[in-house]
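Okay, structure first, notes after.
Position 1 is the first residue of the sequence; numbering continues from there.
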Amino acid sequence: ETPKVDICLVDHQQTSQMNPSIDSDQVVGVIDHHALQSKTIVTDKPIYIDIRPWGSMSTIIAHTFLTHKRRPPVAVAGMLLCAILSDTLNLL
């Protein structure tokens, strides 16, 4: 049996985009930059939500590191940068 883990959805909040192996009861948060649309996740309990009209959800995560005066590990910073460049078309 697979242990139940807490999951934070990133870069989406629609159930149609969730992996079918994820039970909505496992979702404890959403970090996204997309508008709320149909099929947005509905939960029985309050969850953490951070949705901002920014260019990338990775910008939100990077901003969170900075506001907590933390530096992301190099590998994490590299992944965040790749997602930012992809979502913003190389910052054009």
Side-chain angles (χ1 to χ4, degrees):
E1 180 177 318
T2 305
K4 192 168 183 177
V5 296
D6 292 339
I7 295 175
C8 183
L9 301 179
V10 293
D11 209 26
H12 77 283
Q13 29 44 35
Q14 295 179 326
T15 55
S16 60
Q17 295 180 357
M18 284 175 49
N19 184 304
S21 66
I22 298 174
D23 181 355
S24 62
D25 289 339
Q26 294 174 269
V27 177
V28 296
V30 173
I31 301 172
D32 198 4
H33 66 112
H34 296 104
L36 297 174
Q37 309 229 348
S38 63
K39 299 185 183 175
T40 295
I41 188 166
V42 175
T43 62
D44 290 331
K45 61 185 182 298
I47 64 173
Y48 175 82
I49 301 284
D50 192 344
I51 300 176
R52 304 180 200 193
W54 293 6
S56 172
M57 69 81 200
S58 293
T59 305
I60 299 167
I61 293 174
H63 181 262
T64 302
F65 270 105
L66 294 174
T67 58
H68 288 92
K69 298 185 180 354
R70 304 277 311 267
R71 185 179 295 252
V74 172
V76 172
M79 288 187 288
L80 293 173
L81 177 59
C82 288
I84 291 167
L85 293 174
S86 174
D87 274 344
T88 62
L89 301 172
N90 291 321
L91 302 175
L92 295 177

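- As a member of the Ile/Leu/Val/Met/Phe/Trp/Tyr network built from side-chain separations under 4.5 Å, Ile41 groups with Val5, Ile7, Leu9, Met18, Ile22, Val27, Val30, Leu36, Ile47, Ile49, Ile51.
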Under 3.5 Å, sequence neighbours excluded: what are the donor-acceptor pairs made by side chains of residues 53-61?
| from | atom 1 | to | atom 2 | distance (Å) |
| --- | --- | --- | --- | --- |
| Ser56 | OG | Ser58 | N | 3.1 |
| Ser56 | OG | Asp87 | OD2 | 3.1 |

Report task. Let me see the working for Ser24 and Thr15 under side chain to side chain contact (heavy atoms under 4.5 Å, CB included), right down to the final yes or no. Result -> CA-CA 8 Å; Ser24 62; Thr15 55; 5.8 Å; no
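- The line from CD1 of Ile84 to CG of Leu89 is 13.5 Å long, rounded to the nearest 0.5 Å.
- Under the side chain to side chain contact (heavy atoms under 4.5 Å, CB included) criterion, Ser21 pairs with Asn19, not counting sequence neighbours.
- Taking CZ from Arg71 and CG from Leu66, the interatomic distance works out to 9.0 Å, rounded to the nearest 0.5 Å.
- The structure places NE2 of His34 at 10.5 Å from NE2 of His12, a figure rounded to the nearest 0.5 Å.
- Cluster membership check: Leu81 does not share its hydrophobic cluster with Phe65, using side-chain heavy-atom separations under 4.5 Å among Ile, Leu, Val, Met, Phe, Trp and Tyr.
- In this structure a side-chain-to-backbone donor-acceptor pair under 3.5 Å is missing from Lys45 to Val28.
- The backbone N or O of Asp11 lies less than 3.5 Å from no partner atom in the side chain of His33, so there is not a single donor-acceptor pair.
- Under the 3.5 Å distance criterion, the side-chain polar atoms of Gln17 are left unmatched by any main-chain donor or acceptor of Gln14.
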